[in-house]
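Structure record follows, encoded as structure tokens.
Sequence lines set the chain letters: A, B, ... in the order given, protein chains first and strands last, and positions in each chain run from 1. Just so it is clear, the structure is predicted and the values come from calculations on it, not from any experiment.
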2 protein chains.
Amino acid sequence: MTETLSGDAFSADLLRGHTDTIVLGALRGADRYGFEIYKAIRDATGGRHEVKEATLYATYRRLVKDGLVEAYWGDESQGGRRKYYRLTDAGRAVYRTNVAAWVATRDVIDILLDTAPTAKDHTR
Amino acid sequence: MTETLSGDAFSADLLRGHTDTIVLGALRGADRYGFEIYKAIRDATGGRHEVKEATLYATYRRLVKDGLVEAYWGDESQGGRRKYYRLTDAGRAVYRTNVAAWVATRDVIDILLDTAPTAKDHTR
DNA sequence: AGCAAGTACTGTATGACATCAAGTACATGA
DNA sequence: TCATGTACTTGATGTCATACAGTACTTGCT
């Protein structure tokens, strides 16, 4: 914090509250292991933003505790253990609800900040 | 928390990190007093969401401390004191930066959740 | 007049969560 | 062999949104 926003405007902590949903979303298509999700998020932001490893592993723990994902060790028997996560039905339901919440929240913030992307808007 | 998202999907805490920017934005056009901003936000969400008073007054304090806004008492001498807030130059600059951060963050989340509003998107 | 409801502001906890900092362990290429 | 990358873990720490509990004035209703 206090990082006063370096050049290209990605303040840490702005994804706060969305991390769970992002992780759940990452598991929509297939089971994935922790580090894989970490890299996926990092890459999706073009490297400009990164959700810290510690944050993600804490998130995984929370999601498992809440029954939204299940964890199991992969069988990389030759070394390099990987813990995989699988979306549960409950997780899938929460994901859907959270996406709706995101869209609603996004639109409200867009209204409050006057940043709604419209046809005439040059930002898109 | 743990509120498991009631019906229309507004989880508290999703605005977290954006409150400062929203308040700064509310002061763009004119000085406003605390409760006025509170009502403006509440109304902008159609009453579906509310940033709690305690949250906002904490926010004002923080913004003053950081020199982003200045506070002064209105001259409602006949009663009903109101504390007004005025955007400083620093506040205006931070606002601009934060808006850029919001747009960047919003777009990243849209990508991660696959919720980007497009022309063919029925959500708009 | 009496009283509820709304306006307006304040202060002290509390808890969630993103991150920091530090660490373990294995694999691989120079 | 030694740095670098992969992969996971855990114990602080700090920020911030909120709960909770006030104070004080005003206005509308009866």
Side-chain angles (χ1 to χ4, degrees), chain A residues 1-4 10-23 31-43 45 47 49-66 69 71-85 98 105 109, chain B residues 1-4 10-23 31-43 45 47 49-66 68 71-85 98 105 109:
Chain A
M1 271 28 53
T2 316
E3 76 172 77
T4 323
F10 238 135
S11 109
D13 204 65
L14 279 186
L15 294 182
R16 192 181 184 105
H18 305 292
T19 316
D20 288 21
T21 311
I22 289 169
V23 168
D31 296 3
R32 287 188 168 171
Y33 60 92
F35 206 72
E36 189 182 9
I37 297 173
Y38 165 74
K39 285 184 293 184
I41 295 174
R42 195 187 52 191
D43 295 350
T45 68
H49 187 74
E50 178 197 11
V51 176
K52 298 298 185 292
E53 281 181 78
T55 302
L56 285 175
Y57 287 106
T59 301
Y60 302 149
R61 247 178 279 142
R62 188 170 52 246
L63 293 176
V64 168
K65 179 172 70 61
D66 294 346
V69 305
Y72 59 94
W73 287 103
D75 57 354
E76 288 77 14
S77 38
Q78 78 292 2
R81 61 189 185 142
R82 289 171 172 176
K83 191 187 269 188
Y84 285 83
Y85 297 97
N98 285 8
T105 304
I109 297 179
Chain B
M1 270 27 49
T2 317
E3 74 172 78
T4 325
F10 237 135
S11 111
D13 204 65
L14 278 187
L15 295 182
R16 192 186 183 103
H18 305 292
T19 314
D20 288 22
T21 311
I22 290 169
V23 169
D31 296 3
R32 288 187 167 170
Y33 61 92
F35 206 71
E36 190 182 6
I37 297 173
Y38 164 73
K39 285 184 293 185
I41 295 174
R42 195 186 53 190
D43 295 349
T45 67
H49 187 75
E50 177 198 10
V51 176
K52 298 296 185 292
E53 281 181 78
T55 302
L56 285 175
Y57 287 107
T59 301
Y60 303 148
R61 249 178 275 145
R62 187 170 54 246
L63 293 176
V64 168
K65 180 171 70 61
D66 293 348
L68 305 187
Y72 59 95
W73 287 104
D75 57 354
E76 286 78 15
S77 39
Q78 77 293 1
R81 61 189 186 145
R82 289 171 171 174
K83 191 186 267 186
Y84 285 83
Y85 297 97
N98 284 8
T105 305
I109 297 179

Check: Toward the 5' end of DNA chain C, which comes first, B:Lys83 or A:Thr55, by nearest nucleotide?
Finding: B:Lys83
Note to self: Both A:Arg16 and A:Glu53 contact DNA chain C. Which one's nearest nucleotide lies toward the 5' end?
What the structure shows: A:Arg16
Check: Where the side chain of B:Lys52 is defined as all heavy atoms beyond and including C-beta, which of C:dA8, C:dT10, D:dA19 is the nearest nucleotide?
Finding: D:dA19
Checklist line | Nucleotide nearest A:Arg82 when distance is taken to its side chain, options D:dT6, D:dT9, C:dT7 | finding: D:dT6
How many whole angstroms separate atom [atom1] of [X] from atom [atom2] of [N]?
{"X": "B:Trp73", "N": "C:dC9", "atom1": "CH2", "atom2": "P", "result": "6 Å"}
{"X": "A:Phe35", "N": "D:dT4", "atom1": "CZ", "atom2": "C1'", "result": "11 Å"}
{"X": "A:Arg61", "N": "C:dT19", "atom1": "CZ", "atom2": "P", "result": "14 Å"}
{"X": "A:Leu14", "N": "D:dT15", "atom1": "CG", "atom2": "P", "result": "16 Å"}
{"X": "A:Tyr84", "N": "D:dT6", "atom1": "OH", "atom2": "P", "result": "15 Å"}
{"X": "B:Glu50", "N": "C:dG6", "atom1": "CD", "atom2": "C1'", "result": "14 Å"}
{"X": "B:Lys65", "N": "D:dG14", "atom1": "NZ", "atom2": "P", "result": "14 Å"}
{"X": "B:Leu56", "N": "C:dG11", "atom1": "CG", "atom2": "P", "result": "16 Å"}

Checklist line | Reference residue B:Asp20; test salt bridge (charged side-chain N to carboxylate O under 4.0 Å, His left out); the match among B:Arg61, B:Lys65, B:Arg62 | finding: B:Arg62
Note to self: Let me confirm one number: the OG1-CD distance from A:Thr55 to A:Glu50, rounded to the nearest 0.5 Å.
What the structure shows: 9.0 Å
Phosphate-side-chain proximity, [X] and [N], N/O vs OP1/OP2 below 4.0 Å:
{"X": "B:Tyr57", "N": "C:dC9", "result": "yes"}
{"X": "A:Thr19", "N": "C:dA18", "result": "yes"}
{"X": "A:Lys39", "N": "D:dG5", "result": "no"}

Item checked: Ring centres under 6.0 angstrom apart (A:Tyr85, A:Tyr60) -> yes
Note to self: Counting the atoms with a prime plus P, OP1 and OP2 as sugar-phosphate, which does B:Tyr38 contact under 4.0 Å by heavy atoms, base, sugar-phosphate, or nothing?
What the structure shows: nothing
Note to self: Let's test your reading of the model: under 3.5 Å, does the base of D:dT15 pair with the side chain of B:Arg62 as donor and acceptor?
What the structure shows: no
Check: Of all heavy-atom pairs between A:Trp73 and A:Lys83, which one has the smallest distance, and what is that distance?
Finding: CZ2-CE, 3.5 Å
Notebook entry, point to check: Pick from B:Tyr57, B:Tyr84, B:Tyr38: which one makes a ring-ring contact (aromatic ring centres under 6.0 Å, His included) with B:Tyr33?
Noted result: B:Tyr84
